[in-house]
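The structure appears right after this line, and notes come after that.
Nothing here was measured: the structure is a model prediction, and the numbers come from that model. Along the sequence shown, residues carry numbers from 1.
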Amino acid sequence: MGVIVLGLMLLSLTIWLGLLCFWGQFWRTDQQLEVTETQLKSLPVVCAVVPARNEAQLLPTTLRSLLLQDYPGSFNVFLVDDRSTDQTANFAEGVAHAVAKPQQLHIISGESLPNGWSGKLWAVEQGINSASKFAPDYFLLTDADIEHDPGNLRRLVAKAVQEDLDMVSVMVRLRCESFWEKLLIPAFVFFFQKLYPFRWVNNPNNPTAAAAGGSILIAREALERIGGIQVIRQALIDDCALAQAVKRGSGNWGLGTREQFSQSPIPNPQSPIPSQGRIWLGLSTLTHSLRPYDSLATIWDMVARTAYTQLNYSPLLLLGTLVGMPLIYLVPPVCVILGAIWGNWAIALTGILGWLLMTFAYYPTIRFYKCSLWFAFSLPAIAFLYTLMTLDSALRHWQGRGGAWKGRVYPNP
């Protein structure tokens with residue numbers, strides 16, 4: 001028995017060494033938009049598109065921050081009221097008048113959701129169609145729960161223009177105030193970076209593509225080149241699906257089914273698929289999401305909504321996850337406990353080494369979110385919870401309850 005346990009621990013340790021040495025330095029947090037201050041030499045026309053469904057409570061803060069951007073060029077905001085029942089449009093109009101920017105805000109009443117579209121993407125499509133009359137150089141696709149730093153748009157545009165990028169996206173700083181947020185939200189970012197190492201995403205010669213939907217600046221020409229938002233119209237993980245289409249240079253890249261459009265496959269650094277578009281993804285220290293996840297239930301629902309989609313609705317990938325997550329994250333602490341009980345210090349010390357390696361990997365994210373060091377040591381328990389969330393996501397899908405968001409359910413056919 002001891003030999004089997006030691007073998008599992010050595011396998012877990014080998015995986016961690018491989019991840020730290022060869023997996024795109026995913027654990028680092030140095031890909032940040034605000035690292036260097038940039039100056040604009042040209043002033044492209046920008047239109048922001050904000051899908052809003054029952055967001056009246058947050059708009060006084062979030063829409064205000066968007067209208068008060070210090071961008072010196074032409075900038076208009078198109079807010080799509082997606083069949084709200086809380087007077088979202090009235091609140092938006094009030095915010096625009098309060099900051100003396102009524103001419104800059106354009107409120108669109110969303111049309112009924114047609115078959116074959118997710119609610120958010122249908123709202124984005126309507127916003128883009130309306131904004132096109134301004135012939136913008138770039139679209140800023142953002143969510144109604146994002147509080148933008150005053151210089152966010154200026155930095156996004158400068159990054160895109162100076163580095164000739166088709167799309168620039170930042171994973172905004174998620175809310176991290178309650179105990180459950182401190183325990184689970186940094187891990188959400190950590191797991192995302194492990195799945196899509198930002199250095200690989202930002203390398204034009206690597207096919208890995210990802211984005212963060214809260215703040216995406218995309219060139220109009222790039223969006224037209226891939227065939228518009230409609231090419232990902234059913235995507236639940238729409239930001240990564242859009243990034244894939246842009247980086248590959250076309251919305252028709254051999255993928256035709258909803259499953260293929262609505263997920264982003266695990267990256268393969270050896271893939272021969274050439275990159276066509278240039279994208280960049282990083283972290284933001286100044287632009288925040290105000291969406292509260294102050295209980296285990298709210299975070300659980302957020303993860304379970306798309307976790308099985310991320311696995312391409314594949315039972316085999318689900319099985320691999322249910323085996324792989326415990327092997328990588330749970331075996332080290334279990335070995336520490338068993339080694340101490342059995343008096344087998346080889347097992348215990350190897351387990352401690354594995355636990356320290358995962359803590360080392362997780363610590364930069366914990367520090368980025370200004371959480372206590374002890375949360376870094378909690379990664380095994382956190383990973384166990386995320387594994388259960390992924391299993392629940394699959395169960396919801398099989399029960400026809402997958403992808404539920406704001407009163408809508410998008411079960412995959």
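Between Arg173 and Glu147, none of the side-chain N atoms (NZ, or NE/NH1/NH2) sits under 4.0 Å from a carboxylate O, so this pair counts as no salt bridge. Under a 4.0 Å N-O distance rule, the pair Glu221/Arg225 does not qualify as a salt bridge. Classification of Arg396 and Asp392 as a salt-bridged pair holds, one side-chain N sitting under 4.0 Å from a carboxylate O. A salt bridge between Asp149 and Arg155 is present, with a side-chain N of the basic residue lying under 4.0 Å from a carboxylate O of the acidic one. A salt bridge is defined here as a Lys NZ or Arg NE, NH1 or NH2 lying under 4.0 Å from an Asp or Glu carboxylate O, and Arg278 with Glu163 fails to meet this definition.
Inter-residue side-chain proximity for Leu373 and Ile366 is flagged as unmet; no heavy-atom pair is nearer than 4.5 Å. The closest side-chain heavy-atom distance from Val303 to Ser393 is not below 4.5 Å. Here the side chains of Val50 and Ile146 are not in contact, with every heavy-atom distance at 4.5 Å or above. Put simply, the side chain of Tyr362 does not reach to within 4.5 Å of the side chain of Trp27, judged on heavy atoms. Val189 is listed as a side-chain neighbour of Gln193, based on a closest heavy-atom distance under 4.5 Å. Contact of the Arg233 side chain with the Trp122 side chain is not registered, since no non-hydrogen atoms from C-beta on lie closer than 4.5 Å. For the pair Leu33/Leu156, a side-chain contact is recorded, criterion being any heavy-atom separation below 4.5 Å from C-beta on. Side-chain contact check for Asp82 versus Gln126: every heavy-atom pair is 4.5 Å or farther apart.
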Phe191 and Tyr329: CA distance, side-chain angles, deciding distance, ring pair (Phe, Tyr, Trp, His ring centres under 6.0 Å) verdict
CA-CA 12 Å; Phe191 291 138; Tyr329 294 98; 5.7 Å; yes

Would you sort out whether Leu67 and Phe75 count as a side chain to side chain contact (heavy atoms under 4.5 Å, CB included), showing the intermediate values?
CA-CA 9 Å; Leu67 290 171; Phe75 177 52; 5.9 Å; no

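If you take OG on Ser289 and CG on Leu174, they are separated by 5.5 Å, rounding to the nearest 0.5 Å. From Ser84, atom OG reaches atom CZ of Phe91 across 11.5 Å, with rounding to the nearest 0.5 Å. Atoms CZ and OG, on Arg367 and Ser372 in that order, are 14.0 Å from each other to the nearest 0.5 Å. The CE atom of Met1 lies 12.0 Å from the CG atom of Asn344; values are rounded to the nearest 0.5 Å. How far CG of Leu217 is from CG of Leu153: 7.0 Å, rounded to the nearest 0.5 Å. Interatomic distance, Asp30 CG to Phe198 CZ, rounded to the nearest 0.5 Å: 10.5 Å.
Surrounding CZ of Phe384 are at most 12 heavy atoms belonging to other residues, nucleotides or ligands under 6.0 Å away. Other residues, nucleotides and ligands contribute more than 12 heavy atoms inside 6.0 Å of the CD atom of Glu224. For Arg199, the CZ atom counts as densely surrounded, since its 6.0 Å shell holds more than 12 non-hydrogen atoms of other residues, nucleotides or ligands.
You'll find the ring centres of Phe192 and Phe188 outside the 6.0 Å limit. For Tyr386 and Phe190, the gap between ring centers reaches or exceeds 6.0 Å.
Residues Thr208 and Asn206 have side chains that bring a donor and an acceptor to within less than 3.5 angstrom of each other.
Glu181 places a side-chain N or O within 3.5 Å of a backbone atom of Tyr293 that can act as its donor or acceptor partner. For the pair Asp145 (side chain) and Leu290 (backbone), a donor-acceptor distance under 3.5 Å is absent. No donor-acceptor distance shorter than 3.5 angstrom exists from the side chain of Thr390 to the backbone of Ala307, with no hydrogens or angles considered. Judged purely by atom type and a 3.5 angstrom limit, Tyr71 has no side-chain atom pairing as donor or acceptor with the backbone of Arg154. Counting only distance, with no hydrogens or angles, the side chain of Ser12 and the backbone of Leu327 share a donor-acceptor pair below 3.5 Å.
The minimum heavy-atom distance linking Lys182 with Glu177 is given by the pair CE-O, 3.3 Å. Between Asp166 and Val246, the closest heavy-atom pair is CB-CG1, 3.8 Å. The two residues Ser215 and Leu140 make their nearest non-hydrogen contact at OG-CD1, 4.3 Å. Summarising the geometry of Arg64 relative to Val99, their closest heavy-atom pair is NH1-CG1, 3.3 Å, with the distance given to 0.1 Å. Shortest non-hydrogen contact noted between Ala361 and Leu20 is CB-CD2, 3.7 Å. Between Asp238 and Ile232, the shortest heavy-atom contact is O-CD1, 3.6 Å.
For the side-chain contact (heavy atoms from CB on, under 4.5 Å) test with Ile352, the passing option among Leu357, Ile347, Val336 is Val336; the others fail.
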